[in-house]
Chemist: 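This is the structure I have questions about; it appears just below.
In what follows, every chain begins at residue 1, and chains take the letters A, B, ... in the order their sequences are listed.
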Amino acid sequence: MNEQERDEEEVLEAPVRGSADELLDAGAHDPIDAMRHSAAHVMAEAVLDLFPGARLGIGPAIANGFYYDFDLPRPLTPDDLEAIEARMRESVAAGHAFVRREIALADARAAAHGAGQAYKVEILDDLEAKAVAAGEPTPVTSFFEHAAFSDLCKGPHVEHTGRIGPFRLLSVAGAYWRGDEKRPMLQRVYGTVWATQEELDLYLWRRAEAKKRDHRRLGVQLDLFSFSDVSPGSAFWHPRGQRIWRTLEAAMRELQAERGYEEISTPILVHKKLWQQSGHWDLYAENMFRLESEGQEFSLKPMNCPESTVVYRSRLRSYRDLPIRYSEFGRLHRNERSGSLSGLTRVRQFIQDDAHVYVRPDQLSAEIEAMLREVREAYSWFGLQPRFAFATKPDKALGDPALWERAEGLIRVALDRSGADYVVKPKDGTFYAPKIDIYIDDALGREWQMATIQVDLVMLPERFDLSYIDETGQPQRPIAIHRAIYGSLERFIGIILEHFAGALPLWVAPVQAVIIPIADRHLEAAGELAAVMRARGLRVEVDGSDGRMQNKIRLAQEQKVPYMIVLGDREVGDRTASPRTRAGVQQPAVHWEDLAARLAAQASARRPD
RNA sequence: GCCGACAUAGCUCAGCGGUAGAGCAGCUGUUUCGUAAACAGCAGGUCCUCGGUUCAAAUCCGAGUGUCGGCUCCA
């Protein structure tokens, strides 16, 4: 973008007072967003051309592209997308200028009404209502026109349609008008547009790459887990997937033991009276699987927290006992809506590396700092860089505001003292607790929310009437911290599978080495080497099939096994091995014991490869 | 839950009114091999389920289930 264009953009950016930012082009700050938003206009032009009666919803710029919502007489097909795209290319080739016009709201509404654009009428009504509510005069609206197309819009846009870069329509999906499931469902067409062909190609390549390393595909290819319609939304873990699971669990148990956590285990099937006390029966009922026995109503637990209080309250607690740190790899069930289930990342049954820590107020800050160290430690095992977000008190919150203020102050101190770089997300806490959410960016630049640390002053302490006895013999209220580091193990495994494209670091790889005898006469030695390595705790397999060595290497590569160890006459003779890494590097021959010791040390170091 | 698409061998997919196919994997045999695919043969299917249209349905229609892309939801 040159200087002239930038100047024009600023002119075009003249704000419309009272505009409904959430519906018009909120967030169109990046220069490429003007191009993306312009592409949305051109798409709407094309759709109106092909479907003259189409009604328009909204069409903003989004990350990587744009969309526009349409109300159409019939569902769009892939052929329609091609036709729309072709029509868009004509408009781009014609280089129609984008012209901004100001129109009195009443005139705009009359025009929209006359054109049958009911959704636009609604937006205009809202603009007016908002201004009235604010005691402001009725605003003037801005429209952007190009060719025969005109749309209510704050802008900015590019100079003319010819400035729109290489684009591609991607998909069509249903979307509720204004995101409200009680309102009509429109057809949302997604597209992507970039400044250069290279960027478009790169984006499309990344999409294809993401699809290739989709954990659902890798789960089949690596024989880790599967799904079945006998239990939708719940994974069946195969032996190799279960090994990953156990490895992650063992690592977390070790970390937790060092930090003074004690593991508990509580029932999955729980009487409704517990959920009534915790508030879940009212607030979370639709997500709970409920069942009845002998006239009593039960639920499969969707969370571990309420039951941890049963253990806490099993005896009187002294101030000397705190902090009490209960960890639990609890198996949870949540009745997610069928349409939202997705692989390992959205499931109905999962296990969290959950913990509930009960502290005195004066211990809170130090405990949070220690938890932040836990997060950094655990993520360093995968080479992941955690990013922190501090979510504060929402408008709808339980408990004494003074307590909230104190808790937030302590969280802030802990965050600052830990040297963490963090953003504040105002009013994004839960109704019972301010929290620290932890995010990572994976190898494809996608953001994932992983761990969470919630400081609960209300739900567990108040509703379950928790107490400890202080120095003066008086009962005091503890604070409960809810904490998960992997979050859901299912989800975490799905994410690291995609992050590493299935080539998990040595320490978590379900098979760490495959021993490949060249001929049958090397089979016995292969078994001996496997025994040497297994004695060091390494997960080793022998490929004793009658295939050729080259093919065995190929299969091991496909299984992303970190080390392949070919055994032939040379190696068997002097009991050495020359491992090949999955990166294709041939390492020098060493004696079996030395190799086993080296790999075992490498695995126990728990580092990304 | 809602909108749309999809469901064929263990896996990846072709076939789209007229006898169910390929590659890989599996099994058997031959081969005993030096760092990403040896050769041959065999076997493998309620074409997701139920119902309808038709002389005839994997194929067309309807319902259900599951999955995928979104929307909604996500303590």
Chemist: Taking CZ in A:R290 as the centre, count heavy atoms belonging to other residues, nucleotides or ligands within less than 6.0 Å. Is the count above 12?
Modeler: yes
Chemist: Should the heavy atoms of other residues, nucleotides or ligands under 6.0 Å from CZ of A:R168 be counted, would the total exceed 12?
Modeler: no
Chemist: Which is true for A:I516 with a 4.0 Å heavy-atom rule: it touches a base, it touches only sugar-phosphate, or it touches nothing?
Modeler: nothing
Chemist: What contact category does A:Q352 fall into here, base, sugar-phosphate, or nothing, at under 4.0 angstrom with non-hydrogen atoms?
Modeler: base
Chemist: Round to a whole Å and report the spacing from CG of A:L186 to C1' of B:G4.
Modeler: 14 Å
Chemist: What does A:G179 touch in the nucleic acid at a heavy-atom separation under 4.0 angstrom: a base, only the sugar-phosphate, or nothing?
Modeler: sugar-phosphate
Chemist: Which whole number of Å gives the distance between the C1' atom of B:G10 and that of B:C47?
Modeler: 16 Å
Chemist: Which value, in whole Å, describes the distance between the P atoms of nucleotides B:A36 and B:G21?
Modeler: 38 Å
Chemist: Kindly assign one of parallel, tilted or perpendicular to the pair A:F492 and A:Y486, based on the angle between their ring planes and the thresholds 30° and 60°.
Modeler: tilted
Chemist: Given A:R483 and A:D354, is the salt bridge (Lys or Arg N to Asp or Glu O under 4.0 Å) satisfied, shown in steps?
Modeler: CA-CA 6 Å; A:R483 174 240 75 165; A:D354 208 358; over 6 Å; no
Chemist: Take the angle between the ring planes of A:H482 and A:H356 and call it parallel below 30°, perpendicular above 60°, tilted in between.
Modeler: perpendicular
Chemist: Does any nucleotide pair with B:C50 by Watson-Crick or G-U wobble geometry, both distances under 3.5 Å, and what is it?
Modeler: B:G62
Chemist: Donor-acceptor pair under 3.5 Å: do we get one between A:R337's side chain and the base of B:U72?
Modeler: yes
Chemist: Could you run through nucleotides 30-37 of chain B and give me one letter per nucleotide, 5' to 3': B if any protein heavy atom sits under 4.0 Å from the base, S if only the sugar-phosphate is that close, - if neither?
Modeler: BBBBBBBB
Chemist: Paired with B:C2 by Watson-Crick or G-U wobble geometry, both distances under 3.5 Å: which nucleotide is it?
Modeler: B:G70
Chemist: Please list, in numerical order, the residues of residues 344-351 of chain A that have a heavy atom closer than 4.0 Å to any atom of RNA chain B.
Modeler: A:R346
Chemist: Using the C1' atom on both, measure B:C50 against B:G44 and round to a whole Å.
Modeler: 26 Å
Chemist: Can you check the distance between B:C16 and B:U35, where both ends of the measurement are the P atom (answer in whole Å)?
Modeler: 45 Å
Chemist: Rounded to the nearest angstrom, tell me the gap between atom CZ in A:R188 and atom C1' in B:A5.
Modeler: 18 Å
Chemist: With a 3.5 Å limit on both atom pairs, tell me what B:A14 is paired to, counting Watson-Crick and G-U wobble, or say none.
Modeler: none
Chemist: Could you tell me whether A:S340 contacts a base, only the sugar-phosphate backbone, or nothing, with contacts defined as non-hydrogen atoms closer than 4.0 Å?
Modeler: base
Chemist: Using the P atom in both, what is the distance from B:U49 to B:C55, to the nearest Å?
Modeler: 24 Å
Chemist: Taking any heavy-atom pair under 4.0 Å as a contact, classify A:G57: base, sugar-phosphate, or nothing.
Modeler: nothing
Chemist: Write down the partner of B:U30 under the Watson-Crick or G-U wobble criteria, each distance required to be under 3.5 Å.
Modeler: B:A38
Chemist: Are the side chains of A:V47 and A:Q187 in contact, using a 4.5 Å heavy-atom criterion?
Modeler: no
Chemist: Nearest to the side chain of A:Y176, which nucleotide is it out of B:G69, B:G66, B:C71?
Modeler: B:C71
Chemist: Quick one: does any side-chain atom of A:Q586 pair with a main-chain N or O of A:S578 as donor and acceptor, under 3.5 Å?
Modeler: yes
Chemist: Please measure how far the P atom in B:G23 lies from the corresponding atom in B:G41, and state the result in whole Å.
Modeler: 11 Å
Chemist: Parallel, tilted or perpendicular for A:F70 and A:Y68, by the 30°/60° rule?
Modeler: parallel
Chemist: Starting at the 5' end of RNA chain B and moving along, which residue's nearest nucleotide shows up first, A:V220 or A:L76?
Modeler: A:L76
Chemist: Just so I know, are the side chains of A:R539 and A:R240 near enough to count as touching, which here means a heavy-atom distance under 4.5 Å?
Modeler: no
Chemist: Write down the distance between CD (A:Q187) and P (B:C2), rounded to a whole number of angstrom.
Modeler: 17 Å
Chemist: Would you find more than 12 non-hydrogen atoms of other residues, nucleotides or ligands less than 6.0 Å from A:E286 atom CD?
Modeler: no
Chemist: Using only atom types and a distance under 3.5 Å, with no angle test, would you say the side chain of A:Q559 pairs donor to acceptor with the backbone of A:Q221?
Modeler: yes
Chemist: Which is true for A:Y190 with a 4.0 Å heavy-atom rule: it touches a base, it touches only sugar-phosphate, or it touches nothing?
Modeler: sugar-phosphate
Chemist: Could you pick out which residue, A:Y432 or A:A173, lies toward the 5' side of RNA chain B when each is mapped onto its nearest nucleotide?
Modeler: A:A173
